Amino acid sequence: MQPDEPRSLSRRRLLQWVGASTLGGLAGCASQLPGFGDDADGSAVTPRPTVTGDADTTVSLTASDGAIRPATDQSTTTWLYEGQFPGPELRVQEGDVLSVELNNDLDAETTIHWHGVPVPNSVDGVPEVTQEPVASSDSFTYTFRAEPAGTYFYHSHVGLQLDRGLLGPLVVEERDPHVEYDYDYVVVFDDYLPGEPTLPSDEGAGGGGMGGGGMGGGMMGDVRPPYEGLLVNGQLPEDPPTFDVTEGDRVRFRFVNASSATVFGVRITGHELNVTHADGRPVDPVAVDSFAFGAGERYDAVVEATNPGSWFVQADALDGDEPPARAVLTYDQLDGVRNPETPSSSGTRLRYEDLRAVTPLDGVDGTPDRTFDLTLSRGRGQSYTWTIDGQAYPDADPLRIHPDEHVRIHMENQSPVVHPMHLHGHFFRVGDAIKDTVMVPGHMGEVTLDFRADNPGRWLFHCHNLYHLDAGMARVIEYVE
Ligand code: C2O
Ligand code: CU
């Protein structure tokens, strides 16, 4: 890999997209209860068992080598589920029991994680934390009840396999949606890396070669993987997918940021986005021209097809300079081919503060029972390391919590790059939204999230920039009695 110039999403630029630098923060009045620290003798709490009995939907996903063709004149061999890229769309009804048999035809270990779904711990798919990784030629069955409804995705949780194509969308349809729409399209954005992903340090790039070297430890920038483009549903902009609509339709788009290291700014030219769900959870609809989201985040938006023509669904990398990912929204009344219209300005942008969950998260009112104050930073020294409170996972202390506590995590980002932080097994409240992944802006950006400890087990809490995760930016949250 050729180390790039340091490139970081400036705080100002991210704030333009996201809004305030402090979210849900109750400055000065967060209680400072100690973590368990040294009295770590608490015994583990038994996780809830997963469902047994008959599944409503049974799927098998085989992970193997395969070729993809992101544009007509480009193909590459990568790792895939069912030979497809993205992997097959899994779609079930809220409350259905889903059973997925993972068959590992790779010559490496693998797992599947159900990103955002608060599954029982045993089927969360995190190697060495919730299960032994599935060996080559082996298989493993994940069975769980698909709830709550929402737009999710699934992906390998081993090393950098997510950036090698092992991902796919998971839609859990609500039985009673809070907004009306006629049909939906799933839109998976991704960054395109032909070949095998590697950590910068694997290239012997050392601290100094990685960009920002002179700035010292935690303030150092980052290096972007050598992406060769940006994808919508596996396609480069040279060969964009098309979404057909009819004038008068209300179309629900389920946007998924399945990238490994990209913050996308998303818009549809000529159309407003009525954002209806954040990370799958219903919000009071908010009309914007665009939104930004980090790796692991999802937004659903209902678009009214009232402006016949041919339009770009476009996602710009806010932290990269590849040409934008593009699909084309086309009205079927069009006679003859028209060139899609290119976006001009980005207009009004969604901010986290605009999001109001339709139903508040239970059990997170008032003063938390336990608060963790965590700093996010770049590790000092030669190797490529990212840390939470100075520790790089797996050499990092677990964060211990008791069942049923109201837990608060406050994060301060001492690095110049954004960290999309994701919590397994739980939704959290951030501001008035309910989410499972939240961007913490660079340059001392702060975010506070609150959750109820209602799903015992050992859960990963980590940056969803895959390279930051692989380089240590993770902790296990562990329930103890
Ligand atoms: Cu998308 Cu640890 O997960
Ligand atoms: Cu990060």
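When a ligand or atom number is given, it counts from 1 through the structure's own listing order. Model, not experiment: these values are computed from the prediction.
- Considering just the N/O/S atoms of H468, the one nearest the Cu ion (ligand 2) carries the name ND1.
- Closer than 2.8 Å to atom 1 (Cu) of ligand 1 sit the protein N, O or S atoms H115 ND1, H155 NE2, H464 NE2.
- Atom OH of Y299 is separated from atom CG of N257 by 10.5 Å, given to the nearest 0.5 angstrom.
- At a cut-off of 3.5 Å, with distance as the only test, a side-chain donor of D222 or H468 sits close to an acceptor on the other residue.
- As for H424, its N/O/S atom nearest atom 2 (Cu) of ligand 1 is the one called NE2.
- For the atom pair S259 OG and L167 CG, the distance stands at 10.0 Å (nearest 0.5 Å).
- A donor atom on one side chain and an acceptor atom on the other are not found under 3.5 Å apart for W114 and D124.
- Under the 4.0 Å criterion applied to side-chain N and carboxylate O atoms, R267 and D316 are assigned as salt-bridge partners.
- The CZ atom of R429 sits 11.5 Å away from atom CZ of R452, with the distance rounded to the nearest 0.5 Å.
- For residue H419, an N/O/S atom approaches the Cu ion (ligand 2) to within less than 2.8 Å.
- There is no side-chain donor-acceptor pair under 3.5 Å between H426 and D436.
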